[in-house]
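Below: one structure, written as structure tokens.
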Amino acid sequence: MTEIHGMVAPGYEVVREAFAQNFVTHGEVGAAVCVYRHGRPVLDLWAGSADPRTGRPWQQDTLQVVYSTTKGATAACAHLLAQRGQLDLDAPVAAYWPEFAAAGKERIPVRWLLSHQAGLPALDAPVTLADIRSWEPVVTTLAGQAPIWTPGSAHGYHAFTYGWLVGEVVRRVSGRSLGDYFAEEIAAPLGLDFWIGLPESELHRVSRIVEPPPAAPPTAAELDAMPPELRDTLALYHDPAALPVRALSPATEPVDLNRADLQTAQIPAVNGSCTAHALARFYAALVGTVDGHRILDPATLAVATAEQADGLDRVLHLPTRPALGFGLPPAGVPWWSPTAFGHGGHGGSLGYADPDSAIAFGYVMNRLHVSPEPDRRAAELIQALRACVASSVP
């Protein structure tokens with residue numbers, strides 16, 4: 001049985017039990033979960049191995065690359081600038097980034113970058129990892145290319161390009177890179193162990209991502225047994241020229257976030273590194289005051305979390321409900337509160353807040369779940385947490 005470390009406030013023991021069960025039932029390798037309620041931590045747990053190759057144990061300060069869970073932190077930077085009167089979400093992107101007006105993009109407002117409606121989910125041609133590390137070549141490419149669909153007419157997940165698009169607007173407005181702005185204006189006041197562009201001095205704390213072997217393409221018999229819509233979608237994910245693959249694979253070689261040079265770069269859509277505690281504390285400070293600090297005021301938060309679209313995502317081919325940089329819960333999922341908002345990441349990490357129950361949640365792990373089957377790890381934790389809230393635990 002994996003030893004569980006950390007603290008649990010009275011009444012939240014069932015979440016600890018669910019966390020322990022993830023190691024037994026769902027193949028957890030190393031993970032951490034933290035919950036804030038009314039601005040204070042009520043649960044902070046960690047367990048397992050941070051690096052199965054060496055046996056390095058997961059510690060309280062172990063950092064994890066959280067893939068697209070990073071997007072919530074990136075969005076908060078834009079909303080903080082808007083709250084301070086420095087950025088107008090309804091102004092054209094080109095008002096802040098003049099080069100962006102090329103190829104018919106002069107009227108795209110900033111809010112369409114945040115809500116995945118800009119029609120720029122993929123680059124016209126793959127870039128090198130050196131280009132990604134240096135930033136400028138990628139944003140220059142995005143500024144010059146035409147949208148894939150009529151902006152504002154549909155939404156489609158900007159898996160990588162979201163971070164460059166929003167990040168460049170933040171850079172043009174603030175004079176600082178997205179990672180630096182987040183570090184100085186959000187992470188530092190709250191004492192968050194959360195980085196977008198990790199200092200080299202912290203690399204030794206990062207848990208190693210455990211990837212499953214690549215999935216084999218389905219056989220002809222397996223394809224024949226599938227519903228036509230699922231078969232068509234799956235085919236897109238195995239076609240290098242199709243939009244899902246182009247959006248999720250922007251470089252000429254894999255973006256391997258176990259690489260130190262890609263952890264220290266600033267890739268604001270995908271390479272945030274944090275503890276579960278920092279992730280929960282970040283969301284707690286979005287919906288309330290934490291040790292005297294709050295990131296967004298209620299009016300700004302209401303704008304940030306308002307639904308912008310609902311329906312089939314042009315890239316993912318799944319129904320999604322984007323807000324302005326945050327995701328909203330899909331309809332009909334009983335373990336989600338309808339007032340929750342947040343962002344998950346490739347493989348399973350998740351940060352979210354629920355203003356109605358004053359809950360903020362952070363879950364990070366190193367074993368990626370990459371399968372058509374639902375990942376039950378975060379779901380089990382949230383179901384247990386919701387049961388605690390329903391029983392009126394303070």
Side-chain angles (χ1 to χ4, degrees), residues 67-71 74-75 93-94 97 99-169 178 214-215 232-257 262 265-271 308-309 311-320 322 324-325 327 343-347 370:
Y67 290 90
S68 285
T69 301
T70 311
K71 288 182 171 70
T74 295
V93 174
W97 178 6
E99 299 91 335
F100 186 81
K105 303 194 301 300
E106 64 276 0
R107 295 184 180 178
I108 294 177
V110 174
R111 69 169 56 243
W112 288 355
L113 303 186
L114 287 158
S115 58
H116 303 271
Q117 296 183 87
L120 297 164
L123 300 167
D124 282 347
V127 294
T128 67
L129 294 182
D131 290 337
I132 287 175
R133 290 193 301 269
S134 62
W135 185 270
E136 195 67 40
V138 185
V139 296
T140 298
T141 296
L142 282 167
Q145 74 180 53
I148 292 171
W149 62 76
T150 301
S153 67
H155 68 285
Y157 192 49
H158 289 46
F160 276 84
T161 59
Y162 168 94
W164 294 315
L165 293 166
V166 176
E168 183 63 8
V169 170
L178 188 288
D232 294 345
T233 298
L234 193 60
L236 288 173
Y237 279 86
H238 289 278
D239 178 359
L243 187 55
V245 176
R246 291 173 53 212
L248 296 167
S249 304
T252 52
E253 59 185 291
V255 182
D256 178 5
L257 293 179
L262 297 183
Q266 293 189 21
I267 315 174
V270 298
N271 84 328
Q308 302 298 301
L312 193 68
D313 184 290
R314 287 279 297 268
V315 174
L316 301 177
H317 291 266
L318 296 168
T320 61
L324 290 173
H343 217 295
H346 171 63
V370 183

Quiz item: Are Y157 and T320 close enough, and set up right, to give a side chain to side chain contact (heavy atoms under 4.5 Å, CB included), and what steps lead you there?
Solution: CA-CA 9 Å; Y157 192 49; T320 61; over 6 Å; no

Quick one: pull up [atom1] in [X] and [atom2] in [Y] and give me the separation to the nearest 0.5 Å.
X: W112; Y: H155; atom1: CH2; atom2: NE2; value: 14.5 Å
X: L165; Y: T74; atom1: CG; atom2: OG1; value: 11.5 Å
X: K71; Y: L114; atom1: NZ; atom2: CG; value: 12.0 Å
X: I267; Y: R133; atom1: CD1; atom2: CZ; value: 9.0 Å
X: S134; Y: L129; atom1: OG; atom2: CG; value: 10.5 Å
X: Y67; Y: N271; atom1: OH; atom2: CG; value: 10.5 Å

Closest approach of [X] and [Y], non-hydrogen atoms and distance?
X: A247; Y: F160; value: O-CD1, 3.7 Å
X: P137; Y: T141; value: O-OG1, 2.9 Å
X: P147; Y: I108; value: CG-CD1, 4.4 Å
X: A94; Y: A101; value: CB-CB, 3.8 Å
X: G325; Y: A75; value: CA-CB, 3.6 Å
X: L142; Y: T161; value: CD2-CG2, 4.0 Å

Exercise. I would like to know whether L113 and Y162 meet side chain to side chain contact (heavy atoms under 4.5 Å, CB included); could you show each step before the answer?
Key: CA-CA 7 Å; L113 303 186; Y162 168 94; over 6 Å; no

Quiz item: Given R246, which of V315, D239, I148 fulfils the side-chain contact (heavy atoms from CB on, under 4.5 Å) condition?
Solution: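 Of all the options given, the one that passes is I148.
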
Quiz item: Between H116 and H158, is the gap from one ring center to the other below 6.0 Å?
Solution: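 Yes, the ring of H116 comes within the 6.0 Å limit of the ring of H158, centre to centre.
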
Donor-acceptor contact below 3.5 Å, side chain [X] vs main chain [Y]:
X: S68; Y: G345; answer: no
X: S115; Y: Q308; answer: no
X: W97; Y: E168; answer: no

Practice problem: Kindly indicate whether the side chain of V127, heavy atoms from C-beta on, has any atom under 4.5 Å from the side chain of T252. | Solution: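 Side-chain contact under 4.5 Å: no.
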
Practice problem: In sequence, state the C-alpha distance, the side-chain angles, and the governing distance for L120 and F100, and then conclude on side chain to side chain contact (heavy atoms under 4.5 Å, CB included). | Solution: CA-CA 12 Å; L120 297 164; F100 186 81; 3.7 Å; yes

Self-check item: Chi angles and distances behind the side chain to side chain contact (heavy atoms under 4.5 Å, CB included) call for I132, T128
Solution: CA-CA 7 Å; I132 287 175; T128 67; over 6 Å; no

